[in-house]
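Some notes on the structure that comes next.
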Amino acid sequence: MQLTLTVVKADIGSVGGHTQPSQAVLKTVREVVDANRSSVGILDVYIGHTGDDICLLLSHPRGSDSAAIHELAWTAFRKGTQEAKRQGLYGAGQDLLKDAFSGNVRGLGPAVAEITFEERPNESFILFAADKTEPGAYNLPLYLAFADPMHSPGLLLKDEIGLGFTFRIMDVEHTQGDRIITLSAPENLYDIAALLRDTHRYVIESIWSRAHPGEQAASVSTTRLRNIAGRYVGKDDPVALVRVQQIFPATEEVGAPYTLIPFVSGDTRGSHNMPLCPVPINTAATVFYCVPIVSGLAFSVREGRFTEPADIFADPIWEEIRRRATRKAVEIRRQGFFGCAMLPMSELEYTGIVERLQRLDAQFVIERSEEAA
Ligand code: 13P
Ligand code: MG
Ligand code: MG
């Protein structure tokens, strides 16, 4: 059967700061989905949270960009926001930046990733959800899984995978439409790397099999909240779906690059470079600064019905990775605002620092002018 996986994520309010959604808000979101799922043909649902972001994973036969599916997610988050307001949660409705639904949640604030495919008899996929970071945070882990044999041995060991993958990379600075470049690994490897190094601007939007054209391997949400709001309202906190096994990299080939705990932008006030720390699902954001976190859930799905998820960052091996992340975070964050610990001005310009610098600019005096001399 043709199946679509849709994941929609939103921060609609959290307990005591940007920590985690309340149980009441999660319950409200679940109730709205449960009450309406059969009328729009939803086959299965998973709801969880990573930090203060709720992710709603839906399986259905309606295809990507289905207005009915998007509207249900929007309604669930709107109703959840009402509950968040009733409870006095912090940042209630934070990611719902527009009032009216107009056929698609893209452009309204929530992050969306979708894949439509002919379901395999043993369809396996991973849902990633990150908090306190931006969509480009997935650039490196996905590049390593789909283009680097040092991390992904399947690229050498299996012909179908070794034919490589096609990357669709979006210029997220371009706000009047989707500006996309399509490049294939391995022959365009250096071009892909040259773009992906700039995580603020170039974001992997999707990855496709070359051995089986039309088979989509990965989908990443590309929403940048600041592009919609025009100011800093919270970090984008992206989600991604990655199909695994057989014609795609194995689950462990997609998971292992997270051992690198790369520095990504995000953290407190979305303004720092900090390591991306892998955590179990339903983990609260930490007051250890507000270190960027990512969770990963592997599912099997048959005729649209999910198994229980396998939480890929929950096993004891990842404790060691988390300790390394802690050490990396302490080292860089100790230098506070200084140098590369804080983001460049191009990223900070959506925050209040702009007014401060404007004020200071007016106080500069030219003491020795070339013109006067
Ligand atoms: P979120 O983007 O997760 O809401 O966090 C915002 C923030 O500024 C935390 O310091
Ligand atoms: Mg928040
Ligand atoms: Mg968040």
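Atoms within each ligand, like the ligands themselves, are counted from 1 in listed order. Reckoned from all heavy atoms, side chains included, excluding hydrogens, waters and symmetry mates.
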As an exercise, identify every atom of ligand 1 less than 4.0 angstrom from a heavy atom of [X].
{"X": "Gln94", "answer": "1 (P), 2 (O), 4 (O)"}
{"X": "Gly234", "answer": "2 (O)"}
{"X": "Asp237", "answer": "1 (P), 2 (O), 3 (O)"}
{"X": "Asp11", "answer": "4 (O)"}
{"X": "Thr268", "answer": "10 (O)"}
{"X": "Asp52", "answer": "1 (P), 3 (O), 4 (O)"}

Side chain to side chain, [X] and [Y], heavy atoms closer than 4.5 Å:
{"X": "Leu57", "Y": "Ile47", "result": "no"}
{"X": "Val112", "Y": "Lys9", "result": "no"}
{"X": "Phe146", "Y": "Ser152", "result": "no"}

* Any N/O pair Asp53/ligand 1 closer than 3.5 Å -> no
* Decide whether an N or O pair under 3.5 Å exists between Asp131 and ligand 1. =>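 So ligand 1 has an N or O lying under 3.5 Å from an N or O of Asp131.
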* **Nearest-contact summary for atom 7 (C) of ligand 1 - protein heavy atom, Å** => Tyr232 OH, 3.2 Å
* Asked: For atom 10 (O) of ligand 1, what is the nearest protein heavy atom, given as residue, atom name and distance?
  ->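 Going by distance alone, atom 10 (O) of ligand 1 is nearest to Arg269 N, 2.8 Å.
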* **Those residues that, when tested against Phe128, pass ring-ring contact (aromatic ring centres under 6.0 Å, His included) (two or more places apart)** => Tyr258
* To do: Quick one: list whatever passes side chain to side chain donor-acceptor pair (under 3.5 Å) with His70, sequence neighbours left out.
  => Asn104, Glu114
* To do: With sequence neighbours excluded, tell me which residues meet side chain to side chain donor-acceptor pair (under 3.5 Å) with Glu215.
  => Arg243
* Say whether Thr19 and Ser14, considering side chains only, have a donor N or O and an acceptor N or O under 3.5 Å apart. =>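 There is no such pair (donor and acceptor under 3.5 Å, judged by atom type) between the side chains of Thr19 and Ser14.
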* Please determine, by modelled atom types, if Thr6 and His60 share a side-chain donor-acceptor pair under 3.5 angstrom. =>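 There is such a pair (donor and acceptor under 3.5 Å, judged by atom type) between the side chains of Thr6 and His60.
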* Heavy atoms only: which of Lys132, Glu134, His272, Lys235 is nearest to atom 2 (O) of ligand 1? ->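 It is Lys235 whose heavy atom sits nearest to atom 2 (O) of ligand 1.
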* Please determine which of Val7, Val45, Val32 meets the side chain to side chain contact (heavy atoms under 4.5 Å, CB included) test together with Leu56. =>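 Running side chain to side chain contact (heavy atoms under 4.5 Å, CB included) over Val7, Val45, Val32 with Leu56 returns exactly one hit, Val45.
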* Asked: Is there a path from Tyr190 to Ile192 through hydrophobic residues (I, L, V, M, F, W, Y) whose side chains come within less than 4.5 Å of each other?
  ->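 The answer is yes; both residues are in one hydrophobic cluster.
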* Closest non-hydrogen atom pair, Lys235 against Gly266 ->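 For Lys235 versus Gly266, the nearest heavy atoms are CE-CA, 4.0 Å.
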* What protein N, O or S atoms come within a distance below 2.8 Å of the Mg ion (ligand 3), ordered by chain and number? ->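 As for protein N, O or S atoms lying under 2.8 Å from the Mg ion (ligand 3), they are Asp52 OD1, Asp53 OD2, Asp131 OD1, Asp237 OD2.
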